[in-house]
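Written out below as structure tokens is the structure these notes cover.
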2 protein chains.
Amino acid sequence: MATIDDVARTAGVSKSTVSNVFSQKRPISKEVTERVLAAARKLNYRPNYWARSLANRTTRIIGLNMPGERVKFSLFHLSLMNGVLNECSLHGYRLLVNSLPKSYLNELPHVSSEPVDGDILLDPVEKDTRIAERIRKNLPVVVIGRPPGDFESKVSYVDNDNVANGENATQYLLRLGHNRILFLNASRYKTVSIDRGLGYRRSLEAAGVPFDPQLLIHKDPDMTSSSFGYSISKEMLMKLPDITAIITDTDKMALGVYRAASEMGIAIPDDLSVIAFSDDSVFAPEFNPPLTGIKLFGEQLGREAAKLLIDQCAAKQHSVKRILISTEMVERGSCAAASQNKGKIQGGMKNE
Amino acid sequence: MATIDDVARTAGVSKSTVSNVFSQKRPISKEVTERVLAAARKLNYRPNYWARSLANRTTRIIGLNMPGERVKFSLFHLSLMNGVLNECSLHGYRLLVNSLPKSYLNELPHVSSEPVDGDILLDPVEKDTRIAERIRKNLPVVVIGRPPGDFESKVSYVDNDNVANGENATQYLLRLGHNRILFLNASRYKTVSIDRGLGYRRSLEAAGVPFDPQLLIHKDPDMTSSSFGYSISKEMLMKLPDITAIITDTDKMALGVYRAASEMGIAIPDDLSVIAFSDDSVFAPEFNPPLTGIKLFGEQLGREAAKLLIDQCAAKQHSVKRILISTEMVERGSCAAASQNKGKIQGGMKNE
DNA sequence: CTGTTAGCGCCTTCAT
DNA sequence: ATGAAGGCGCTAACAG
């Protein structure tokens, strides 16, 4: 590969002139520019990205960081990423997906700074160590989701109002007359599941419905959403036949619930209402019956997060911002008023 | 940020010793190592990624390259990416998603080498310029999908046998007695659509069924899969009521076909058989009726591509390899034998 | 407008 | 096992 020196030599100019022809940081005469460009073309030269980064102290790359060892993007992450990518391409940033396990990064030969100007952190959990690490390294960070604890006021983030989401989903079902509502929440420790769980409890309390801990279950991180939805709803509907409504974390999880219900001869929405937190607008309407849900606008979350981060990288300023993306309840056909005789139809015992 | 000099100074050793403590490229005594590490910890030092890359002439980053200006990952890309990421993390590579439009990259200030050791190219098309560009820059490349024209023998690639896939799907329907089969293919110019189209025609010819150009339609790149599937199948079923089977490019497209059929009072599979090329094992079984399809194993495609590329980066060798991932026909419930009286039921004319 | 001279932070011979 | 010096390719500060 030709270097800047080669070009300078064959064009008969200095390195810095070549540099400035390419970077356009200071004006170079038309003729010289032509001469340099011709030489560059001839030598098939292009500035070396890493040498440039080293001298510039910036990479124009932002990172997308997933927690956990095995990276496994979900549909929701896909939406986020599409949003992030679109914003990136608008500002000339590249996106680095961080897939390396911590264990690897801590081995001596692999210890190094990160090749990014900043990071977007996905799926924050309580006791998330990623934020503190980056603050220590003085690396710009934007979180998608609520940062845990104190960090909420220390780093910028983009989120839905998940307490409100939990409240709204629950309230919606309460209004339909359901009072035994099973909540199949996201994995424990994720701040999103904490928030939604809180919203769920608040709505119950506001309606004077006692909170039953049995009815709030966190996803098993080792299972797929749909198989978890299937097995846990089957188990719970068996054990507590007075359950008349289920809130699920995702549309895939709802799919599992649909299957369980169908196998058990439970009709949706007549005997069981289902509502999901979801971003998908393609599959949900095609469920049978179409799935009612709260739409999260993942692409927008991603876009806003990227925008915040890129701003932060460019300005090197530390104004902490918080952006809440509003959600939208989409009523389709999976929820109905609670039927009074559900318990008997199912042959189970009612608590009331 | 502390540099290697700072550490060397406070540890009372030379730069090269510090370098070797971290890189472990030559043995350093236990005591000195301890001393250096202590100094590093104290100064919060970590080797600079860019400086290292510059000196090493390698980044340990591979690129994932999408064609087109607006990046929009689909479900299938998601599978690919998960595979790529898993393989990356196994070998200590990071993944850079290439999202920058060509127009941007051609502006003078942005012209530069790519910050990657090699690239995985997605969705190759006829006349794809990306491959030649990279060969010129001497950048390792692996294509997912069949490279166009001559490049097939010049670059490594991972693909399904899409001619066979096209043949198999068609043959399957022919055996069920269908002979007016609509093929809703991927976008024109994609090598995958060319291959499948070829397979489709071959099967027809082998069965002595005349090929009708009207029945082979390429996806409109500006539409979503499902809306394309919906509108085009509605139009075609109207125009040519003797169509008794449809092959779709993806499961999302099949969803559109389902909707069109339902609106038109056409029963699947009784009046219309549907088969899709698909990677999704979550939604397809939940279609009503469950969707029959040819499973593509996207994650494996991604994994193998990453493996090939990383090999190539490490070895700097140019042995061109070709890996075909076998597919699997999954029979569910969306296909049935062609009914003899379909034309009459639909009120249309039959060709026979 | 252009050239000269120092770095950016690390790695790598070649010594010892 | 450790040190010294030079180089990776580019940008930046200072001249003129």
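Every value quoted in this text rests on a predicted model; they were computed, and no experiment measured them. Per chain, numbering begins at 1; letters A, B, ... match sequence-line order.
Across all strands, Val18(B) comes closer than 4.0 Å to no nucleic acid atom at all (heavy-atom distances). Heavy atoms of Lys25(B) sit under 4.0 angstrom from primed sugar atoms or phosphate atoms, though from no base atom.
Salt bridge Lys307(A)/Glu304(A): present, at least one basic N to carboxylate O contact under 4.0 Å. With respect to Glu152(B) and Arg322(B), a salt bridge is recorded, a charged nitrogen being found less than 4.0 Å from a carboxylate O. At a threshold of 4.0 Å, the pair Lys72(A)-Glu299(B) counts as salt-bridged, since one of the basic side-chain nitrogens sits closer than that to a carboxylate oxygen.
Phosphate contact (OP1/OP2 of dG9(C), side-chain N/O of Arg52(B), threshold under 4.0 Å): absent. For dC10(C), the OP1/OP2 oxygens have a side-chain nitrogen or oxygen of Tyr45(B) closer than 4.0 Å. Using a 4.0 Å cut-off, some side-chain N or O of Ser29(B) falls inside it from OP1 or OP2 of dT2(D). Contact between the side-chain N/O atoms of Asn56(B) and the OP1/OP2 oxygens of dT12(C) is found at a separation under 4.0 Å. Remark: Arg57(A) is not in phosphate contact with dT11(D), judged by side-chain N or O atoms under 4.0 Å from OP1 or OP2. In terms of phosphate contacts, Arg46(A) brings no side-chain nitrogen or oxygen within less than 4.0 Å of OP1 or OP2 of dG9(D). Contact annotation: Thr3(B) side-chain N/O to dG9(C) OP1/OP2 distance is not under 4.0 Å.
Computed from coordinates, the Glu34(A) CD to dT2(C) C1' distance equals 17 Å when rounded to whole Å. Going from atom CZ of Arg9(B) over to atom P of dG9(C) covers 12 Å, rounded to whole Å. The distance between atom CG of Asp5(B) and atom P of dA6(C), rounded to the nearest whole Å, is 18 Å. For the pair Phe22(B) CZ and dG9(C) P, the computed distance is 15 Å after rounding to whole Å. When rounded to the nearest whole Å, the span between CG of Asn20(A) and P of dA12(D) equals 8 Å. Nucleotide dT2(D) holds its C1' atom 14 Å from the CD1 atom of Ile4(B), rounded to whole Å. What separates CG of Asn48(A) from P of dG7(D) is a distance of 18 Å, to the nearest Å. In this entry the distance linking CH2 of Trp50(B) with P of dC10(C) reads 11 Å, nearest Å.
When each of Ala55(A) and Thr17(A) is assigned the nucleotide of DNA chain C bearing its nearest heavy atom, the one mapping closer to the 5' terminus is Thr17(A). Between Arg35(B) and Leu54(B), the residue anchored closer to the 5' end of DNA chain D is Arg35(B), taking for each the nucleotide with the nearest heavy atom.
Comparing dG3(D), dT4(C), dT11(D) by their closest approach to the side chain of Lys15(A) singles out dT11(D). For Ser16(A), the side-chain atoms get nearest to dT4(C) when compared with the rest of dT4(C), dC8(C), dC10(C). Looking at the side chain of Ala51(B), the nearest of the listed nucleotides dG3(C), dC10(C), dT2(C) is dC10(C). Across dT12(C), dT11(D), dA12(D), the shortest atom-to-atom separation from the side chain of Ser19(B) is found for dT12(C).
Classified by interplanar angle (parallel below 30°, tilted 30° to 60°, perpendicular above 60°), the ring pair Tyr45(B)/Phe22(B) is perpendicular. Between Tyr49(B) and Trp50(A), the ring planes lie tilted relative to each other; the angle falls in the 30° to 60° range.
You'll find a donor-acceptor pair under 3.5 Å spanning the side chain of Arg26(B) and the base of dG3(D), going by distance alone.
A salt bridge (charged side-chain N to carboxylate O under 4.0 Å, His left out) with Arg134(B) is found for exactly one of Asp117(B), Asp128(B), Asp119(B), namely Asp119(B).
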